[in-house]
2 protein chains.
Amino acid sequence: MSFDLDRIDRNILNILQKDSRISNQDLAERIGLSPPACLRRVRRLRESGVIVAEVALINPRMVGRYINIIVEVEMVRDQLDIYDAFKRKMDAAPEVTQCYQVTGEVDFLLMLLVEDMESYEAFTRKYLSTDANLAKFRTLISLRRDKFSTAVPL
Amino acid sequence: MSFDLDRIDRNILNILQKDSRISNQDLAERIGLSPPACLRRVRRLRESGVIVAEVALINPRMVGRYINIIVEVEMVRDQLDIYDAFKRKMDAAPEVTQCYQVTGEVDFLLMLLVEDMESYEAFTRKYLSTDANLAKFRTLISLRRDKFSTAVPL
DNA sequence: CTTATTAACGAAATTCAATTTCATTTTGGT
DNA sequence: ACCAAAATGAAATTGAATTTCGTTAATAAG
């Protein structure tokens, strides 16, 4: 499950977490290895599952008027199958960008990205208000995503 | 600020948001354009700021025992300069991976990634408990990140 | 302490893809 | 219908990724 990283691996990951489009040659130079050695490291990180994916991040504001919505969800009962069913639903919902199972008064925290309040209204109807296992939910609305970093601090 | 996307651009973005390591040739084939034409599109999306970055996503569980922490923060007063100062602090804090200014009872929602509760304890001391403009905060702890997608649904 | 074994390395060669060039086609506006 | 601007694709070029293989370093065993 876990994976031993040495200083060089950490170095590579810190760079790739900021910019995965860097050429292997440049990366090799920055970490002080030859291109082949560097490539082998990166491949190993990919194959071992440390690097899950390499993706393009786009600015939501450039492609529409998106709203971030945070939803705190409380289920009626703390049962595994109820939790699992809910997770599966959230996984299938395209509006849901993040889903966390949390401890405490609340059971789940959802992060949504929607075009407008109408879309959110539709979402609640389809996924929340009609779920018999859901006790209550609270909505927080954000027009500003002030920070968004995908990097894991190493 | 905004940017007109046609069907082809959207198509490109949907692919790159899932896998930015795809070769330009394969991408070109999938969207039905020649490699040069495809490359120009992608370059334009990058230069215009639609594509903010291309990054490697790593699995936190593979490199340590990370905990997700969600913090809801309420400031003492709804003043612009107080908000801005807080944002700047969060931007500088490496533990904070996301920061949203929200409307309603709460003022900010933070997403943190920390090694253990001790690290979180240290964070609250350094950034929260000592902030005179901060009225109160509530902590939600998550050991499970059930869904995490960086893709903007287009 | 020496010697096998394994893993990681780098130089050079090869393969493959990105990128440029340029003539042609398409698109949008008048 | 015509012009101007933008987008396209074929072919050539450039440049980087990847393979090969002999060498070096690290680790374990005798």
Side-chain angles (χ1 to χ4, degrees), chain A residues 1-65 150-154, chain B residues 1-65 150-154:
Chain A
M1 193 81 218
S2 196
F3 193 88
D4 271 10
L5 303 174
D6 63 13
R7 201 183 42 74
I8 298 176
D9 289 326
R10 252 184 282 275
N11 208 193
I12 290 174
L13 289 175
N14 279 329
I15 293 170
L16 291 184
Q17 281 192 111
K18 287 203 284 262
D19 174 20
S20 64
R21 216 161 66 79
I22 186 175
S23 74
N24 184 58
Q25 294 189 336
D26 289 354
L27 180 61
E29 191 175 11
R30 281 187 56 184
I31 63 172
L33 275 183
S34 69
C38 179
L39 184 64
R40 272 188 294 266
R41 294 268 190 163
V42 174
R43 250 192 352 212
R44 214 157 54 91
L45 290 169
R46 285 202 263 256
E47 284 163 6
S48 64
V50 172
I51 294 178
V52 177
E54 280 154 87
V55 302
L57 302 180
I58 77 176
N59 182 347
R61 308 185 68 160
M62 293 290 281
V63 298
R65 306 153 308 291
T150 57
V152 175
L154 290 177
Chain B
M1 191 84 217
S2 196
F3 192 87
D4 271 9
L5 303 175
D6 63 14
R7 202 182 42 76
I8 299 176
D9 289 325
R10 251 185 282 275
N11 207 193
I12 290 174
L13 289 174
N14 279 328
I15 294 170
L16 291 183
Q17 282 192 111
K18 287 203 284 265
D19 174 21
S20 64
R21 214 162 67 79
I22 186 174
S23 74
N24 183 57
Q25 295 189 334
D26 289 354
L27 179 61
E29 190 176 11
R30 281 186 58 185
I31 64 172
L33 275 183
S34 70
C38 178
L39 184 64
R40 271 187 296 267
R41 294 267 190 164
V42 174
R43 252 193 348 215
R44 214 158 53 92
L45 290 169
R46 285 202 263 256
E47 285 163 6
S48 65
V50 172
I51 294 177
V52 177
E54 280 154 88
V55 302
L57 303 180
I58 77 175
N59 182 347
R61 308 185 68 160
M62 294 290 280
V63 298
R65 305 154 308 291
T150 56
V152 175
L154 290 177

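So that the names make sense, note that chain A is the first sequence line, chain B the second, and so on, each numbered from 1.
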Rounded to whole angstroms, how far apart are [atom1] on [X] and [atom2] on [N]?
{"X": "B/Q25", "N": "C/dA17", "atom1": "CD", "atom2": "C1'", "result": "5 Å"}
{"X": "A/I31", "N": "C/dG10", "atom1": "CD1", "atom2": "C1'", "result": "13 Å"}
{"X": "B/D4", "N": "C/dT27", "atom1": "CG", "atom2": "P", "result": "17 Å"}
{"X": "B/I22", "N": "C/dC16", "atom1": "CD1", "atom2": "P", "result": "18 Å"}
{"X": "B/D26", "N": "C/dC16", "atom1": "CG", "atom2": "P", "result": "13 Å"}
{"X": "A/L45", "N": "C/dA8", "atom1": "CG", "atom2": "P", "result": "12 Å"}
{"X": "B/L39", "N": "C/dT19", "atom1": "CG", "atom2": "C1'", "result": "7 Å"}
{"X": "B/E54", "N": "C/dA18", "atom1": "CD", "atom2": "C1'", "result": "14 Å"}

Report the distance from atom CG of A/D26 to atom CZ of A/R21, rounding to the nearest 0.5 Å. 11.0 Å

Any side chain to side chain donor-acceptor pair (under 3.5 Å) pairs touching residues 10-19 of chain B, not counting sequence neighbours? none

Between A/L13 and A/V152, is any pair of side-chain heavy atoms under 4.5 Å apart?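 A side-chain contact is absent here, since even the closest heavy-atom pair is not under 4.5 Å.
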
Establish, with yes or no, whether the OP1 or OP2 oxygen of C/dT20 is under 4.0 angstrom from a side-chain nitrogen or oxygen of B/R43.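 Result: yes.
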
Pick out the pairs of N or O atoms, protein on one side and nucleotides 5-9 of chain D on the other, that lie under 3.5 Å.
residue, atom, partner, partner atom, Å
D/dT8, OP1, B/R41, NH2, 2.9
D/dG9, OP2, B/S34, N, 2.8
D/dG9, OP2, B/S34, OG, 2.9
D/dG9, N7, B/R40, NH2, 3.4

Who pairs with A/L39 by side chain to side chain contact (heavy atoms under 4.5 Å, CB included), at least two apart in sequence or on another chain?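 A/L39 satisfies side chain to side chain contact (heavy atoms under 4.5 Å, CB included) with A/N24 only.
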
Neighbour count above 12 (heavy atom, 6.0 Å) for A/D6 CG: yes

More than 12 heavy atoms of other residues, nucleotides or ligands under 6.0 Å from CZ of B/R61: yes or no?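 At most 12 heavy atoms, drawn from other residues, nucleotides or ligands, come within 6.0 Å of this atom.
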
